[in-house]
Asker: 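Input: one structure, supplied below.
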Amino acid sequence: MTVALRPSPSACPACAAAPAAQALGAAEASGPLALSLPTIHCAACIATVERVLNAQAGVREARVNLTLKRVTVAAGPEVTPDALIRVLADAGFEAHELDAGLLGATATDKAGRDLLMRLAVAGFAAMNVMLLSVAVWAGAEGATRDMFHWISAVITLPTIGFAAQPFFVSAWRALRARRLNMDVPISLAIALALATSLWETWLSGHHAYFDAAIALTFFLLAGRYLDHRTRAIARSAAEELAALEVPRATRLHDGEETQVPLGALSVGDIVLVRPGGRMPVDGEILAGNSELDRSLLTGETLPVFAAPGMAVSAGEVNLTGPLQVRASAIGSDSALHRLADLVAVAESGRARYTSLADRAARLYAPGVHILSALAFIGWFAWSGDLRIALNIAAAVLIITCPCALGLAVPAVTTAASGRLFKHGMLIKHETALERLARVDTVVFDKTGTLTEGQPVLSHPDSHSDAVLRLALALAECSAHPLSQALARAARDRGLQPDRVTRLHEVPGFGTEGQFEGHMVRLGRAAWAGAGDQGRETAAWLTLPDGTTHRFAFRDALRPGAEAAVAALQAAGHRVLLMSGDSPGPVAAMAARLGIEDWTAEARPEDKAARIRALKAHGAHVLMVGDGLNDTAALAMADVSISPASALDAARVASDIVLLGRDLAPLPLALTTARAATRRIRENFRIATLYNILAVPLAVAGLATPLIAALAMSTSSITVSLNALRLRSP
């Protein structure tokens, strides 16, 4: 569930004063401010955010990164993150403060730029070498042929030394670890092609493989770049969680308030958390009454009453009243940081997944090397000519080099990603489709995933205009989620608030004021005089005649939620519901969607443990979630999906991002993943068939450079065309 970490300014001065007070004290000038903007999605959002922030006094420059959904603000020390968050909230944008110092250098796609640069260099060089090779193939002889070969060598050697580094480095690492991957035969083929070509050129030979070597490098770099572009910028979910921790806190000492960095706090310090503020530490409330929004960590939709003696955790949001908290755990010892550690452990387990390409390399690479060695031994034994034997061994390596295999996976994943993107899904991880194809169990979070994550007034037409006008006057004086939902419903009816005087909010209970000489209240049941509310999501209004009126709230289903669950179950998948919410709403949601296996009041570690248990029993689990309480489960699952409205940390921990609000495309993702896996296996079979046909030519000594280049191009084009079949609906 995504929640705003700072409320919008309230309608009444008394309520507005509390959140405004949080901006007191100058922030330390420790570099630019970073704010996460999870709801921006287009160029208009960028322009609006930058215009609004640049208009603020003290702001020198604001730059939005749409890919990372983040804004970096260069400002003077008098500008506080809280002030900017309130300004953005007024403009309609949710914002979260990030610790810019913990974000590292992940904002730039250095790997993508590096691959693209190497691809461009290889392509330019390949065109020139191919032109020279055409002249040789056309019949150039003697000194002219040698000159063209030497020019090709001058172009090819430095180009491959630069462009083929990703393959050489990967192959060297694999060999150092005493294993084989697809880059080992690639690197060996390129190196041997260059060595034999130089030897042939030195001896005025008729054939050289410079064109084949540079073409091979270009095709493989194209595949590597396609593979890179199928996923978003990879950032660590654990790093993003750490960046979400509050970087500073207000410490109370001898009655004085001091803004200090989080690292300057010690266990036992008293911390002041104002309304709208996020808990910077784990601790115990010493003074004050309020309500806490724990949905960020637990998924619980109903705010929890907070009073002295209650334990709180870092990351919880204080809603209505100032609280004094004695710190018991800070920084790396807090519950939020332990959650980040849990995510990091889960991510490392997923990283050990072996892709189809790597599994193919384990069989393919040894076979190619053995075949090339046998060809060398056989020809040397038959002819006694080292030059002929080495040339044929090089030809075998080149013509069997896994160019088609290198393109088999990225060509399919690019086509599949394009198809899913048209239906509102973005693939982030290179092996996500392969893992998604194996899924047989789907686990859903409730709040913010199956539901919209925002309370909505139930049956608004059942409330009279007179009651709603009075409730609107009280609701607009509060940043409580239920009050805001009630105010939206009344405004949607075109109503104006009644004139209520002496408005003020009682932290932890609700809002009260004077109307026509009578005290009226909007808030908790017992406080409003309606008895015990229990765990039902409702607010109560005390009317001037002393009676009470009940406003019930619900969390609306996301579009397509029922269709998605029904389609998954019809396809034979086991569907589970795990939520941190209370049993009542979870049971009602499970019954509505026809989900028999559901769990309520699940903590983050409970969700991760349940998924670990499912996997231990042989299940392949897809997790769909959106909140901090879901990040460990998202990382623990075999594959995971988060909606675009999810918190940054949840989106980073997931493999696929659902760009729209509609959940209906989820079953399509599974069917597309299965089709993509079939295409990948077909491409492997095509590459194998190509090798069966081409290897005899190479072993027989008939594989000239022209034949090698044509064979590689034909196999690469074939697998690419096969992959394009996925783009059709």
Side-chain angles (χ1 to χ4, degrees), residues 223 226-232 234 350 353-357 359-360 407-444 449-450 558-575 619-626 634 637-644 646 651 653-686 718-729:
L226 284 175
D227 188 45
H228 181 82
R229 292 298 299 170
T230 58
R231 55 191 183 274
R350 181 189 291 171
Y353 178 83
T354 304
S355 68
L356 285 172
R359 293 200 295 274
L407 282 173
V409 175
V412 171
T413 54
T414 300
S417 298
R419 182 185 181 189
L420 291 179
F421 186 77
K422 290 180 182 178
H423 290 84
M425 284 173 285
L426 177 65
I427 308 295
K428 290 176 49 187
H429 199 278
E430 67 271 19
T431 63
L433 286 171
E434 296 176 25
R435 288 180 277 123
L436 190 62
R438 304 172 63 192
V439 163
D440 53 31
T441 303
V442 182
V443 178
F444 283 100
T449 302
L450 287 172
R558 274 183 180 266
E562 290 178 293
V565 171
L568 290 170
Q569 291 175 330
H573 297 93
R574 180 185 178 190
V575 178
H620 298 284
V621 182
L622 164 64
M623 174 69 192
V624 188
D626 79 310
L634 289 166
D638 293 286
V639 63
S640 53
I641 298 177
S642 288
R651 288 198 307 271
S654 63
D655 300 293
I656 302 171
V657 175
L658 189 66
L659 300 176
R661 296 171 54 241
D662 197 342
L663 293 179
L666 281 181
L668 174 68
L670 274 70
T671 56
T672 301
R674 289 193 173 91
T677 302
R678 287 196 300 271
R679 294 289 179 270
I680 290 173
R681 296 184 187 279
E682 287 172 3
N683 279 349
F684 286 158
R685 288 194 288 269
I686 290 171
T718 303
V719 299
S720 297
L721 291 176
N722 185 53
L724 288 177
R725 294 166 57 199
L726 266 176
R727 297 184 68 88
S728 59

Asker: Would you name the heavy atoms of A416 and A676 that are closest together and state the gap between them?
Answerer: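 Taking A416 first and A676 second, the nearest heavy atoms are CB-CB, 4.1 Å.
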
Asker: After noting the C-alpha distance and the side-chain angles of L436 and D655, does the key distance pass the side chain to side chain contact (heavy atoms under 4.5 Å, CB included) rule?
Answerer: CA-CA 10 Å; L436 190 62; D655 300 293; over 6 Å; no

Asker: State which residues pass side chain to side chain donor-acceptor pair (under 3.5 Å) with R674; sequence neighbours excluded, sorted by chain then number.
Answerer: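 Side chain to side chain donor-acceptor pair (under 3.5 Å) check on R674 returns H573.
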
Asker: For the atom pair CZ (R419) and OG1 (T671), what is the distance rounded to the nearest 0.5 Å?
Answerer: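 Going from CZ on R419 over to OG1 on T671, the span is 6.0 Å.
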
Asker: Just how far is it from atom OG of S640 to atom CD1 of I656, taken to the nearest 0.5 Å?
Answerer: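 S640 atom OG to I656 atom CD1 measures 8.0 Å (nearest 0.5 Å).
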
Asker: A675: what forms a side chain to side chain contact (heavy atoms under 4.5 Å, CB included) with it, not counting sequence neighbours?
Answerer: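 Partners of A675 by the side chain to side chain contact (heavy atoms under 4.5 Å, CB included) criterion, ordered by chain and then number, come out as R678, L726.
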
Asker: Could you grab the distance from atom CD1 of I641 to atom OG1 of T449, nearest 0.5 Å is fine?
Answerer: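 Taking CD1 in I641 and OG1 in T449, the distance rounds to 11.0 Å.
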
Asker: Using the side chain to side chain donor-acceptor pair (under 3.5 Å) criterion, which residues pair with H620? Sequence neighbours excluded.
Answerer: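 Once residues adjacent in sequence are excluded, H620 has no partner under the side chain to side chain donor-acceptor pair (under 3.5 Å) criterion.
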
Asker: Please give me the minimum heavy-atom distance between P665 and M425, naming the atom from each residue.
Answerer: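 Of all heavy-atom pairs spanning P665 and M425, the closest is O-CE, 3.2 Å.
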
Asker: How long is the span from the NE2 atom in H423 to the OG1 atom in T672, to the nearest 0.5 Å?
Answerer: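 One gets 7.5 Å once the value is rounded to the nearest 0.5 Å.
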
Asker: Heavy atoms, side chains only, cut-off 4.5 Å: are R435 and V439 in contact?
Answerer: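 Sidechains of V439 and R435: no contact.
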
Asker: Could you please spell out the steps behind the side chain to side chain contact (heavy atoms under 4.5 Å, CB included) verdict for L433 and L420?
Answerer: CA-CA 11 Å; L433 286 171; L420 291 179; 4.1 Å; yes

Asker: So, using salt bridge (Lys or Arg N to Asp or Glu O under 4.0 Å) as the criterion, who are the partners of E682 when residues are at least two apart?
Answerer: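 Here the qualifying residues are R679, R725.
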
Asker: Just how far is it from atom CE of M623 to atom CG of D638, taken to the nearest 0.5 Å?
Answerer: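 If I round to the nearest 0.5 Å, the distance is 13.0 Å.
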
Asker: Might you point out which heavy atoms bring G560 and D662 nearest each other, and give the distance in Å?
Answerer: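 Taking G560 first and D662 second, the nearest heavy atoms are CA-OD1, 3.2 Å.
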
Asker: For residues V639 and A432, report the shortest heavy-atom separation together with the two atoms involved.
Answerer: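 Shortest heavy-atom separation between V639 and A432 comes out as CG2-O, 3.9 Å.
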
Asker: What distance separates L568 CG from T441 OG1, expressed to the nearest 0.5 Å?
Answerer: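 Answer rounded to 0.5 Å: 11.0 Å.
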
Asker: For the residue pair G625 and S642, what are the closest heavy atoms and their distance?
Answerer: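 Shortest heavy-atom contact: O-OG, 2.8 Å.
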
Asker: Is any side-chain heavy atom of L670 less than 4.5 Å from a side-chain heavy atom of L622?
Answerer: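 Yes, close enough: below the 4.5 Å cut-off.
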
